[in-house]
Number of protein chains: 2
Amino acid sequence: MITTSEEAAHELLEVVPAVMKEIRAEMRNRRTLDLTVPQFRALAFVDKNKDASLSVVANHMGLTLPTTSRLIDLLIARGFLTREDDPSDRRRLKLAVTKRGLTILDASRRGTLDYLVNKLNGVDAEDRQLIVEGMKALRLVFINDAQIKAGVK
Amino acid sequence: MITTSEEAAHELLEVVPAVMKEIRAEMRNRRTLDLTVPQFRALAFVDKNKDASLSVVANHMGLTLPTTSRLIDLLIARGFLTREDDPSDRRRLKLAVTKRGLTILDASRRGTLDYLVNKLNGVDAEDRQLIVEGMKALRLVFINDAQIKAGVK
DNA sequence: TATTGTTATACTCTATAACTATA
DNA sequence: TATAGTTATAGAGTATAACAATA
């Protein structure tokens, strides 16, 4: 069986937004501890990249600097991140996740994962396997690529 | 090899948002003809479901009625949809895609597909196959399910 | 001059609450 | 009373343009 790029593109365009919609809704619905998807991604990124600058976060997330600045403002206002000056280059700042930020990041991650795990439990082991393999293949296109671009730039 | 739901959930939570980000950015960047992702989805849905009511669209998209009402307002203001009264129940309305709406829907779909096709051309046929199979497995969880829920309700 | 970041402004997405009209 | 839809209001995500501070 030959799978064309055209067919794969159609599948992506139909399925990915539907899955995303559920992830987003799930995060939004856990009201008190909620993080939006962009907030979650930013927090997770800073957690893995201690002392990241704003530009680095913006670049990773594919957002402009003003958008990222606002996003980070909110996370700081809620006490999930701290912002410090970078002494080596005073134009820059250094972001870090607070203890409270880490707590909510873990809770959010765990809540969303539990939701997905629950849905996936209703699936054949075989289909689950296909999902994981599909995601790994997508990584090569959409995640490694983004990192390479970021690095090159 | 055993794939746990936990592993599959992790993959989804990491990969799906990254792919979605690119689809979203791609649609946003084709400025003049642009449709946002929700606009695109709504237009595509009405295209396939002629005379859909607002509630049906809202239900399909997992949005509230006010949100959907606004979304549809914009599409009507831009001349992509029409809204008519439903004579059989005057609380209801009937939505339809205009010629202009169909044109932009096709252009948007084609533009985004071309972008994805281009990215996917850089992938092994084997990985492409895995992507398609993964998407088909996801459909069972995230798309059929939504339709069943919609139908039952 | 170029880079890092912020502020101002504007539009879309999204929700809840309060409302109107119809069934 | 219940359902379909709109309007009012508010907060988040996103962009571009204009700006300040530093390199």
Side-chain angles (χ1 to χ4, degrees), chain A residues 17 20-32 34-43 51-78 80-81 83-95 108 153, chain B residues 17 20-32 34-43 46 51-78 80-95 108 153:
Chain A
M20 194 60 208
K21 186 91 204 45
E22 287 213 28
I23 291 176
R24 214 172 272 281
E26 209 290 319
M27 283 193 174
R28 204 183 310 116
N29 288 342
R30 271 198 324 289
R31 276 300 179 196
T32 38
D34 72 351
L35 289 176
T36 64
V37 171
Q39 285 166 6
F40 174 85
R41 293 186 71 205
L43 208 49
D51 292 341
S53 73
L54 197 63
S55 298
V56 167
V57 177
N59 186 49
H60 167 77
M61 298 191 59
L63 299 173
T64 60
L65 273 172
T67 295
T68 310
S69 184
R70 285 303 195 76
L71 182 60
I72 296 299
D73 277 351
L74 288 177
L75 291 171
I76 290 170
R78 292 181 187 177
F80 301 152
L81 285 181
R83 170 166 36 198
E84 271 181 49
D85 291 333
D86 181 341
S88 72
D89 179 344
R90 288 171 49 213
R91 290 171 307 181
R92 277 201 154 84
L93 48 77
K94 302 198 296 185
L95 297 168
S108 183
K153 188 189 179 185
Chain B
M20 194 60 206
K21 187 88 203 47
E22 288 215 27
I23 291 176
R24 214 171 273 281
E26 208 292 319
M27 284 193 173
R28 205 183 309 115
N29 288 342
R30 269 198 324 291
R31 275 301 177 194
T32 39
D34 72 350
L35 289 175
T36 64
V37 171
Q39 286 167 4
F40 175 85
R41 293 186 71 204
L43 208 49
V46 176
D51 293 340
S53 72
L54 197 65
S55 299
V56 167
V57 177
N59 187 49
H60 167 76
M61 298 192 56
L63 299 173
T64 61
L65 272 173
T67 295
T68 310
S69 184
R70 285 307 193 77
L71 183 59
I72 296 300
D73 277 351
L74 286 178
L75 291 172
I76 290 170
R78 293 182 187 176
F80 302 152
L81 286 180
T82 56
R83 169 166 37 196
E84 271 181 51
D85 291 335
D86 181 341
S88 73
D89 180 344
R90 288 172 48 213
R91 291 172 306 182
R92 276 201 155 84
L93 50 78
K94 301 198 296 186
L95 297 169
S108 183
K153 188 187 178 185

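All heavy atoms count here, side chains included; hydrogens, waters and symmetry mates do not. What you see is a predicted model, and the numbers here were worked out from it, not measured in a lab.
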Nearest-Å distance, CZ (B:Phe40) to C1' (C:dT12)? 18 Å

Supply the atom-to-atom distance A:Thr36 OG1 to A:Arg41 CZ, rounded to the nearest 0.5 angstrom. 11.0 Å

Protein N or O to nucleotides 21-23 of chain C N or O, pairs below 3.5 Å:
from, atom 1, to, atom 2, distance (Å)
C:dT22, OP1, B:Arg90, NH2, 2.9
C:dA23, OP1, B:Arg90, N, 2.9

Rounded to the nearest Å, what distance is computed from the CD atom of residue A:Glu84 to the C1' atom of nucleotide C:dT4? 17 Å

When you measure from the side chain of A:Pro66, which nucleotide among C:dA17, D:dG13, C:dA8 comes out closest? C:dA8

Any pair counted as salt bridge (charged side-chain N to carboxylate O under 4.0 Å, His left out), so long as it reaches residues 64-74 of chain B, sequence neighbours left out: B:Asp73-B:Arg83

Distance, rounded to the nearest Å, where B:Met20 contributes CE and D:dG13 contributes C1': 14 Å

Counting any heavy atom closer than 4.0 Å, what does A:Arg41 reach on the DNA or RNA strands: base, sugar-phosphate only, or nothing? nothing

By a strict heavy-atom criterion of less than 4.0 Å, which residues belonging to residues 67-78 of chain B are in contact with DNA chain D? B:Ser69, B:Arg70

Between D:dT22 (C1') and A:Arg92 (CZ): distance, integer Å: 11 Å

Check: B:Val37 and B:Met20 side chains under 4.5 Å, non-hydrogen atoms: yes

For the CG atom of B:Leu35 and the CZ atom of B:Arg78, what is their distance to the nearest 0.5 Å? 7.5 Å

Do the side-chain N or O atoms of A:Ser55 get closer than 4.0 angstrom to the phosphate oxygens (OP1, OP2) of C:dG5? yes

What contact category does A:Arg83 fall into here, base, sugar-phosphate, or nothing, at under 4.0 angstrom with non-hydrogen atoms? sugar-phosphate

For the helix from C:dT1-D:dA23 to C:dA23-D:dT1, measure the angle between the helix axis at one end and the axis at the other, each built from five pairs, rounding to 10°. 10°

Could you tell me how far apart A:Leu81 (CG) and C:dG5 (P) are, to the nearest whole angstrom? 14 Å

Rounded to the nearest 0.5 angstrom, the CG-OG distance for A:Leu93 and A:Ser55 is 8.0 Å

Measure from CG on B:Leu95 to C1' on D:dA4 and round the result to the nearest Å. 12 Å

Give A:Leu65 one of three labels, base, sugar-phosphate or nothing, depending on what nucleic acid heavy atoms sit under 4.0 Å from its own. base

With rounding to the nearest 0.5 angstrom, report the NZ to CG distance, B:Lys21 to A:Leu63. 5.0 Å

Whole-Å gap separating C1' (D:dA4) and NZ (B:Lys94): 15 Å

May I ask you to test the A:Gln39-A:Met27 pair for a side-chain heavy-atom distance under 4.5 Å? no

Closest-nucleotide 5' rank along DNA chain C - winner of A:Lys21 and A:Leu93: A:Leu93

Can you tell if the side chain of A:Leu71 reaches within under 4.5 Å of the side chain of A:Met61, non-hydrogen atoms only? yes

Go through the structure and list residues passing side chain to side chain donor-acceptor pair (under 3.5 Å) with A:Arg91, not counting sequence neighbours. A:Asp89

Residues at least two apart in sequence or cross-chain that pass side chain to side chain donor-acceptor pair (under 3.5 Å) with A:Asp86, listed by chain then number, are A:Ser88

Length of the line joining B:Arg24:CZ and D:dG13:P, which is rounded to integer Å: 12 Å

Distance from A:Leu54 atom CG to A:Asn59 atom CG, nearest 0.5 Å? 11.0 Å

CD1 of B:Ile76 to CG of B:Leu95: how many Å apart, nearest 0.5 Å? 6.0 Å

Taking any heavy-atom pair under 4.0 Å as a contact, classify A:Thr64: base, sugar-phosphate, or nothing. base

